[in-house]
Amino acid sequence: AQSVTQLGSHVSVSEGALVLLRCNYSSSVPPYLFWYVQYPNQGLQLLLKYTSAATLVKGINGFEAEFKKSETSFHLTKPSAHMSDAAEYFCAVRTYGGFKTIFGAGTRLFVKA
Amino acid sequence: SQTIHQWPATLVQPVGSPLSLECTVEGTSNPNLYWYRQAAGRGLQLLFYSVGIGQISSEVPQNLSASRPQDRQFILSSKKLLLSDSGFYLCAGETGSGGEQYFGPGTRLTVT
């Protein structure tokens, strides 16, 4: 069964530092991979989506993610963290031939001034 | 783009009481609709999904049920709430085959 693992439930960075949030999917290449962001007491918002058209995907708010088949990874990065990036981030995979999206457990990003 | 509406935003209910959470969709037709539950510090647990009116798939056997009486309406219900039903409930909609989901603002349910 398709699954996704997010390494690190909490990540803390200083403002202006690189943000790196890690995500690994199970061995079979999923049709779609996603990153979502959730601010406190709100629903999730789509950051970006991988569709196999390009391995480097650019999203909103300066985030991007790179699909690496050899590492079964889809890590999320941002060159310079801003205080407003503090939120919880979820990696997700779409299952083949169905209607379900599997979400990781989430990584909470803290940004220090 | 589609907008997902959920209400109420917060709800405090005693154990054993009934529950009805409503989700409506604006800006699209014939969406796939989903109910998720998010426990504190955990990811999203898929509870139910629906690909059309009256079509409900249950992912987790429990005392919750879902119904889709209209194309853009999705309801989550319970006859008797348990303490373990507390959590943040999210409704999501999806159109097309690309898998992107649009989420509502959520309902925080506390069962006391």
Side-chain angles (χ1 to χ4, degrees), chain A residues 1-11 21-25 29-53 57 59-60 65 74 87-110, chain B residues 1-11 21 23-25 30-52 55-60 68 74 87-110:
Chain A
Q2 189 64 264
S3 65
V4 59
T5 302
Q6 291 185 241
L7 301 176
S9 58
H10 296 83
V11 170
L21 304 182
R22 301 177 186 273
C23 172
N24 289 89
Y25 59 90
V29 178
Y32 305 111
L33 283 157
F34 308 90
W35 276 100
Y36 287 85
V37 60
Q38 183 181 32
Y39 298 99
N41 296 311
Q42 294 185 26
L44 279 67
Q45 178 185 4
L46 181 68
L47 269 180
L48 51 80
K49 169 187 172 182
Y50 166 75
T51 62
S52 77
V57 183
I60 62 173
F74 189 57
E88 188 151 22
Y89 293 81
F90 292 92
C91 182
V93 300
R94 183 68 167 194
T95 60
Y96 275 106
F99 302 98
K100 293 190 286 187
T101 297
I102 308 300
F103 288 82
T107 297
R108 183 165 296 279
L109 176 66
F110 297 92
Chain B
S1 64
Q2 58 184 288
T3 302
I4 309 294
H5 300 282
Q6 284 186 250
W7 62 90
T10 60
L11 190 60
L21 300 181
C23 168
T24 59
V25 181
N30 197 30
N32 295 333
L33 295 174
Y34 301 81
W35 278 112
Y36 294 93
R37 179 169 60 201
Q38 185 177 22
R42 299 179 65 178
L44 275 68
Q45 178 187 29
L46 178 62
L47 301 175
F48 301 94
Y49 68 93
S50 171
V51 300
Q55 300 179 63
I56 307 295
S57 296
S58 174
E59 289 296 303
V60 183
R68 187 169 177 177
F74 201 27
F88 192 50
Y89 287 81
L90 289 160
C91 180
E94 175 189 293
T95 52
S97 59
E100 304 99 297
Q101 296 190 355
Y102 296 87
F103 285 80
T107 295
R108 186 162 302 282
L109 171 66
T110 303

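Since the structure is predicted, the reported quantities are computational estimates derived from the model, not experimental observations. In what follows, every chain begins at residue 1, and chains take the letters A, B, ... in the order their sequences are listed.
Considering every non-hydrogen atom in both B:Leu90 and A:Gln42, the closest pair reads CD2-O, 4.5 Å. Across all non-hydrogen atoms, the minimal contact from A:Gln38 to B:Phe88 is NE2-CE2, 3.6 Å.
Screening residues 88-99 of chain B for salt bridge (Lys or Arg N to Asp or Glu O under 4.0 Å), with sequence neighbours left out, gives A:Arg94-B:Glu94. Residue pairs meeting the salt bridge (Lys or Arg N to Asp or Glu O under 4.0 Å) criterion with at least one partner in residues 29-45 of chain A, sequence neighbours excluded, do not occur; the list is empty.
Residue contact with chain B, scored on non-hydrogen atoms closer than 4.5 Å, involves the side chain of A:Phe34 exclusively. Within the 4.5 angstrom heavy-atom criterion, only side-chain atoms of B:Gln38, from C-beta onward, approach chain A. Of the two parts of A:Leu46, only the side chain, counted from C-beta on, holds a non-hydrogen atom closer than 4.5 Å to a non-hydrogen atom of chain B. For chain A, no part of B:Tyr102 is nearby; none of its heavy atoms comes within less than 4.5 Å. Interface remark: A:Gln45 contributes no atoms to any contact with chain B (heavy atom separation under 4.5 Å).
You'll find the side chain of A:Tyr32 stays beyond 4.5 Å of the side chain of B:Glu100, heavy atoms only.
Looking only at distances, a side-chain donor or acceptor of A:Lys49 sits under 3.5 Å from a matching main-chain atom of B:Gly98. The main-chain N or O of A:Phe99 is found under 3.5 Å from a side-chain atom of B:Tyr34 such that the two form a donor-acceptor pair.
Put simply, of B:Pro105, B:Cys91, B:Gly106, B:Ala9, the one with the most heavy-atom pairs under 4.5 Å next to chain A is B:Pro105.
Rounding to the nearest 0.5 angstrom, the gap separating the CD1 atom in A:Ile102 from the CG atom in B:Leu46 is 7.5 Å. Atoms OH and CZ, on B:Tyr36 and A:Phe103 in that order, are 4.5 Å from each other to the nearest 0.5 Å.
Residue A:Arg22 qualifies as open at atom CZ: its count of foreign heavy atoms under 6.0 Å is 12 or below.
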